[in-house]
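Data block below; observations after.
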Protein chains: 2
Amino acid sequence: MVDSFESMTDSLPVYESLAASVRRLIDATIRTEVDHDVIAAATAKIDSVTAELSAELMPGTFGERGSDDGQGIASGNVVVGVRNPSAPPLVVHHEDNGSVWTEFTLGAAFEGPIAHVHGGVSAMILDHILGATAHRPGRPAYTGTLTLRYHQRTPLRQPLRADAWVDRVEGVKTFAVGQISGAAGVMVSAEGIFIHPRNMST
Amino acid sequence: MVDSFESMTDSLPVYESLAASVRRLIDATIRTEVDHDVIAAATAKIDSVTAELSAELMPGTFGERGSDDGQGIASGNVVVGVRNPSAPPLVVHHEDNGSVWTEFTLGAAFEGPIAHVHGGVSAMILDHILGATAHRPGRPAYTGTLTLRYHQRTPLRQPLRADAWVDRVEGVKTFAVGQISGAAGVMVSAEGIFIHPRNMST
């Protein structure tokens, strides 16, 4: 068990390194062409590592630990979580004017059409980045509606950028808009309504 | 290098087993609470396995190999790809009436709000399952627009189901609708327009 002081100060790099290592393994798993006996041996080694890491597991999911462990509630998040190997993970920048942006490149793990980003991955990223315009510390916002328009296919393995900004706020609702763009221009645009629930019990 | 006959007949189980093993590792990576020296040692072992698997890698991404290797073009897909450890992976069932459905349970790797599925993951799944109503062998459909409505939060670690069906077809456009539901009812609903491009050159 990691003690609480350590987890609040020094533990994040070791978890980040582990997740980054597994992220590279995911890519190799999809793309490997080595002989089947090498693959079978690799599978056994991975199972062994998983057993070692599973000797002490937090129950359920990362978020269920709460946010008082110093690592930040988002470390397990599927979009931005540095402890989640399935996350790209995006680094979201907040500007003083309320807009948010992130730059990223997606590899084999995010494929839909050949050599292109799955349309659902673009939707996931836009949901997160539009929602980030409405998030406040300790006061998360939840997606009410989200509409996506796909203008052209989004390439894998090329630099991309996502931007989002607030169109207007009406009570608990934030109306946000945004887009994913790359060298060829805007690929996907989005608009969404994000809600600050009055009752956070669920 | 895997020879072509073997890859067409016997190779899928070994790749599926590898991806399933890495999928378990992803979950343990997010949830482990073992000592930091154990984590550091695990990271080194994973790096070693990745190096072994990377001795021969297909260039780029899985899809770039084309669909003539017998594994099916979707093996690397981020939603349904059995070779992609980041994929749940969903198994999509097609009914004679054109509707499609899938049943699944999502774990720690798909978290957004505490103990709940990231809204963007729900969007990704609905994009795929609505799109599946329009796909034809050798004639994929691409998302034109997609609108999502979030009715209640979607739990992790509980059985879920996604359904989609065709509302109508107009020329190259398929208008599809669908939803994600669970024990508490419908959590997210969606409607989308999916397009069969006349020119497949891109």
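Just so it is clear: chains get the letters A, B, ... in the order the sequence lines come, proteins before strands, and each one is counted from 1. Small disclaimer: the values here were computed from a predicted structure and weren't measured.
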Worksheet item: Taking the six-membered ring for Trp, are the ring centroids of Phe194(A) and His135(A) within less than 6.0 Å of each other?
Response: no
Practice prompt. Check whether any side-chain N or O of Thr102(B) sits under 3.5 Å from a backbone N or O of Val91(B) as a donor-acceptor pair, and report yes or no.
Written response: yes
Item to complete: Determine yes or no for a side-chain-to-main-chain donor-acceptor pair under 3.5 angstrom, with Arg168(A) supplying the side chain and Phe175(A) the backbone.
Response: no
Worksheet entry | Residue, of Val49(B), Thr147(B), Leu53(B), that accumulates the most heavy atom pairs under 4.5 Å with chain A | Leu53(B)
Worksheet item: Is a side-chain donor or acceptor of Asp35(A) paired with a backbone partner of Val38(A) at a separation under 3.5 angstrom?
Response: no
Worksheet item: Going by the side chain to side chain donor-acceptor pair (under 3.5 Å) test, which pairs reach into residues 172-189 of chain B, not counting sequence neighbours?
Response: His151(B)-Ser189(B)
Worksheet item: Most heavy-atom pairs under 4.5 angstrom with chain B, which of Asp27(A), Val188(A), Thr43(A)?
Response: Thr43(A)
Worksheet item: Looking at Arg23(A), Glu191(A), Arg31(A), which one has more heavy-atom pairs under 4.5 Å with chain B than the rest?
Response: Arg31(A)
Worksheet item: Taking 4.0 angstrom as the limit, do Asp163(A) and Arg161(A) come out as a salt bridge?
Response: yes
Response to the item:
Given Ile195(B), Ile26(B), Thr145(B), Leu146(B), the one with more heavy-atom pairs under 4.5 angstrom with chain A than any other is Leu146(B)
Response to the item:
Among Ala51(A), Gly144(A), Ala19(A), Ala40(A), the residue with the most heavy-atom pairs under 4.5 Å to chain B is Gly144(A)
Worksheet item: Do you know which of Gly119(B), Ala42(B), Gly107(B), Ala109(B) has the most heavy-atom pairs with chain A at a distance under 4.5 angstrom?
Response: Ala109(B)
Discussion item. What part of Leu156(B) gets within 4.5 angstrom of chain A, counting heavy atoms only: side chain, backbone, both, or neither?
Written reply: side chain
Item to complete: Report the option among Arg149(A), Gln152(A), His118(A) that has the most heavy-atom pairs separated by less than 4.5 Å from atoms of chain B.
Response: His118(A)
Discussion item. Tell me which of these, Ala28(A), Ala190(A), Ala87(A), Gly81(A), has more heavy-atom pairs under 4.5 Å with chain B than the rest.
Written reply: Ala28(A)
Response to the item:
Among Val79(A), Thr29(A), Thr50(A), the residue with the most heavy-atom pairs under 4.5 Å to chain B is Thr29(A)
Worksheet entry | Whether Glu95(A) side chain and Ser99(A) backbone form a donor-acceptor pair below 3.5 Å | no
Worksheet item: Is the centre of the His196(A) ring less than 6.0 Å from the centre of the Tyr142(A) ring?
Response: no
Discussion item. Strictly less than 4.5 Å between heavy atoms, which residues of residues 120-131 of chain A line up against chain B? Please order them by number.
Written reply: Gly120(A), Val121(A), Ala123(A), Met124(A), Asp127(A), His128(A)
Worksheet item: Which heavy atom in Thr133(B) sits nearest to a heavy atom in Ala176(B), and how many Å separate them?
Response: OG1-CB, 3.5 Å
Worksheet item: Under 3.5 Å, is there a donor-acceptor pair between the side chain of Ser17(B) and the main chain of Pro13(B)?
Response: yes
Worksheet item: Is Arg83(A) reaching over with its side chain to a backbone N or O of Ile30(B), donor-acceptor style, under 3.5 angstrom?
Response: yes
